[in-house]
Novice: 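Sharing a structure, written as structure tokens. Questions coming.
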Amino acid sequence: MSTEVLAEEFEVLESIYPTELTKLSEREIRVDVQPDDPVDGVDELAVALTVEYTDDYPDALPRFSIEVQQGDLDEDEIKQLLGELEKVGEENLGMAMTFTLVTHLRERLSVFMREREERIRKEEMEKERRALEAEEARTRGTPVTVESFRAWKIKFDKEMAVKRAREEEEKLKGLSPKEREEYKKAQTRLSGRQLFERDRNLGTLDEGLAEEDAVSVDISQYDRTAMDDEDDNEELVTFSDSD
């Protein structure tokens, strides 16, 4: 490699990358590389491409390395970029290839950023899908099975028993000792007739009566109805003197 050829290439590169190129030695340069097409909402990427020219350049590949300056590239991605640069260099043997290498690197960084954008979009969609599923599960509730219903019924019965006991206690507090005793005796009556005598209004019978499927019958009312029917029948039978 003649120094004249390399000097000419450095001159061209410095005109193209006036702020990005740094000359490290007579045979080594560094070019700061950023994507051609940055993507909003994605962390920026920037790398430094170091190129060391050999005696056989441009008929042989230069030695190059990549250093991440901004953003995040894992080892596999860096290895992929170096492999691609080597392939591009081999396709351009015999010609000044540094500009071509930098151009390819800029394009590939743009591709990486678009891939990151797509990955972020999919992650957000998946997060939203899971949130919707969680909300649907919350509003839909737990399916009822025989076992879950029995467990609920036991818990419900206990809660209702405690509630009734508290209400009973509050009710007894407002009664005199005599009234309290009479109230307790009244609660032990189990027949429908006795319960009916406590309350003449069938529409306001105690819930416990309905729950026990008890049926109250007013016998006196039944007797009066039967007697009324007999009286009506007697009035309907008449005798005619004409016969």
Side-chain angles (χ1 to χ4, degrees), residues 39-44 71-72 74-77 112-239:
V39 178
D40 293 336
V42 180
D43 292 340
E44 295 183 2
D72 182 32
D74 59 35
E75 293 183 2
D76 289 338
E77 289 173 326
F112 281 170
M113 292 193 71
R114 287 193 293 271
E115 291 175 349
R116 282 162 168 71
E117 180 188 33
E118 179 65 14
R119 184 164 61 247
I120 292 173
R121 186 184 68 82
K122 289 183 178 179
E123 290 174 353
E124 291 177 349
M125 291 178 61
E126 177 65 15
K127 184 178 180 181
E128 182 177 355
R129 183 187 66 80
R130 291 180 180 179
L132 289 174
E133 288 182 352
E135 180 63 17
E136 289 177 357
R138 186 185 68 81
T139 56
R140 183 170 58 246
T142 303
V144 177
T145 62
V146 175
E147 292 76 12
S148 64
F149 176 78
R150 287 175 179 172
W152 171 85
K153 186 67 167 59
I154 292 172
K155 181 180 178 182
F156 176 78
D157 290 343
K158 289 181 179 179
E159 292 175 351
M160 293 303 297
V162 172
K163 181 180 179 181
R164 285 193 293 268
R166 291 176 179 174
E167 292 175 350
E168 192 79 5
E169 184 179 355
E170 291 296 324
K171 186 182 295 184
L172 292 174
K173 286 181 181 179
L175 301 178
S176 64
K178 184 178 180 180
E179 291 173 334
R180 190 179 298 115
E181 187 66 24
E182 291 178 353
Y183 177 80
K184 289 182 179 180
K185 289 180 179 180
Q187 295 302 308
T188 62
R189 296 173 184 173
L190 301 177
S191 69
R193 183 180 181 85
Q194 289 173 323
L195 288 172
F196 178 78
E197 289 175 352
R198 288 180 53 212
D199 190 346
R200 304 292 293 182
N201 188 353
L202 288 174
T204 58
L205 284 175
D206 185 79
E207 281 185 331
L209 182 62
E211 292 174 356
E212 295 171 3
D213 294 331
V215 178
S216 61
V217 179
D218 189 348
I219 297 176
S220 63
Q221 187 72 19
Y222 171 78
D223 293 341
R224 283 198 301 273
T225 303
M227 293 173 64
D228 292 342
D229 291 341
E230 291 176 0
D231 292 341
D232 292 340
N233 292 332
E234 289 178 359
E235 292 177 359
L236 292 173
V237 178
T238 58
F239 296 92

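Predicted, not measured: the structure shown is a model, and the values here were computed from it.
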Novice: Please find the pair of heavy atoms, one from Asp72 and one from Arg116, that lie closest to each other, and give the distance.
Specialist: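 In this case the closest contact between Asp72 and Arg116 is O-NH2, 2.5 Å.
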Novice: When you look at Arg119 and Glu115, which way does the salt bridge (Lys or Arg N to Asp or Glu O under 4.0 Å) test go after all the steps?
Specialist: CA-CA 6 Å; Arg119 184 164 61 247; Glu115 291 175 349; 5.8 Å; no
Novice: Flag the pair Arg130 and Glu126 as a salt bridge only when some basic side-chain nitrogen lies within less than 4.0 angstrom of an acidic carboxylate oxygen.
Specialist: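 A salt bridge links Arg130 with Glu126.
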Novice: Calculate, to the nearest 0.5 Å, the distance between atoms CH2 and CG belonging to Trp152 and Asp157 respectively.
Specialist: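 These two atoms lie 8.0 Å from each other.
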Novice: Are more than 12 heavy atoms from other residues, nucleotides or ligands located less than 6.0 Å from atom CD of Glu167?
Specialist: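 Count over threshold, so yes.
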Novice: When rounded to the nearest 0.5 angstrom, what is the spacing between CZ in Arg164 and CE in Met160?
Specialist: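 Rounded to the nearest 0.5 Å, the CZ-CE separation comes to 5.5 Å.
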Novice: Would you call Arg150 and Glu147 a side-chain contact if the rule is heavy atoms closer than 4.5 Å?
Specialist: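 Sidechains of Glu147 and Arg150: no contact.
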Novice: Is it the case that over 12 heavy atoms from other parts of the model lie below 6.0 angstrom from the CD atom of Glu128?
Specialist: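 Incorrect, the count does not exceed 12.
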Novice: Between Glu118 and Arg121, is any pair of side-chain heavy atoms under 4.5 Å apart?
Specialist: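 Sidechains of Arg121 and Glu118: in contact.
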Novice: How far does CG of Asp40 sit from CD of Glu117, to the nearest 0.5 angstrom?
Specialist: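 One gets 8.5 Å once the value is rounded to the nearest 0.5 Å.
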Novice: Can you name the nearest heavy-atom pair linking Arg114 to Val39, along with the distance?
Specialist: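 Closest pair (atom of Arg114, atom of Val39, distance): CG-CG2, 4.0 Å.
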Novice: Is Lys127 salt-bridged to Glu124, cutoff N-O under 4.0 Å?
Specialist: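 No.
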